[in-house]
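What follows is a set of notes on a single structure, which appears directly below.
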Amino acid sequence: MVRLFAALPVPFDIAESLARRQTGLPGARWRPAEALHITLAFYGEIDERRADDLAAELGRIPGGPFELELTGVGAFGEDHRTHSIWAGVARSEPLTVLANRCRAAGERAGVVMEKRAYKPHVTLAYLKTQTNPDRIGAWMAGHNLLHSPPFRVDRFALYSSVLTDGGSHYEIERDYPL
Ligand code: 2AM
């Protein structure tokens, strides 16, 4: 079994400018620059054969390059517990179309996809349980005006994810030019 998702890697210069914001919040486990990405579709744990089918389906996705911008910050969490903070992605029709196609590719390969609404984002940190909510609020207020220059998206990738003690480790398994 392998844990897979399709995503757009965040270009290095954008990741570097995000790194300057990855500070000032005790309890945050900041994600390293090379791990920053925008998930298109999450496939979960699937067997190798289905993974091959999925990789082939992703290769059939049409589409050309487009531009994206990051804007604002946000947080995910349930029951008053925030578990991650992220940079937002400006609304983009080509991104929505690509994410839908990645989802459909999963369905064609027989992956049972989650119904969760698609919310594009770049996770900057996962937060330890005891992270102070006031500090989270202060960090978010301090970074709310985040706005990246536009950057070109000309490929997407199939990533594998291995959960380790130090956080999840991602590997690009396949690259798909747009
Ligand atoms: P996250 O960044 O908000 O944690 C690898 O785990 C990637 O897939 C991450 O970007 C993660 O989102 C996303 N992911 C993990 N589990 C998911 C799920 N159940 N549904 C949608 N996306 C998920």
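Whatever order the structure lists ligands and atoms in, that order sets their numbers, starting from 1. Computed from a predicted model, the values in this text were never measured in an experiment.
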Any sub-3.5 Å donor-acceptor pair from R31's side-chain atoms to V122's backbone N or O?
no

Given a heavy-atom cut-off of 4.0 Å, could you list the residues near ligand 1 in chain and number order?
F5, H37, T39, F42, F76, E114, R116, H121, T123, Y126, Y170

Suppose we screen for side chain to side chain contact (heavy atoms under 4.5 Å, CB included). Which residues come up paired with R91, at least two apart in sequence or across chains?
none

Crowding at CD, E45 (>12 non-hydrogen neighbours, <6.0 Å)
yes

Under the side chain to side chain contact (heavy atoms under 4.5 Å, CB included) test, residues paired with D47 that sit two or more places apart:
M1, R49, R50

Under 3.5 Å, is there a donor-acceptor pair between the side chain of E171 and the main chain of S161?
no

ILVMFWY cluster membership beyond Y159 - transitive side-chain contacts under 4.5 angstrom
F5, F42, Y126, Y170, I172

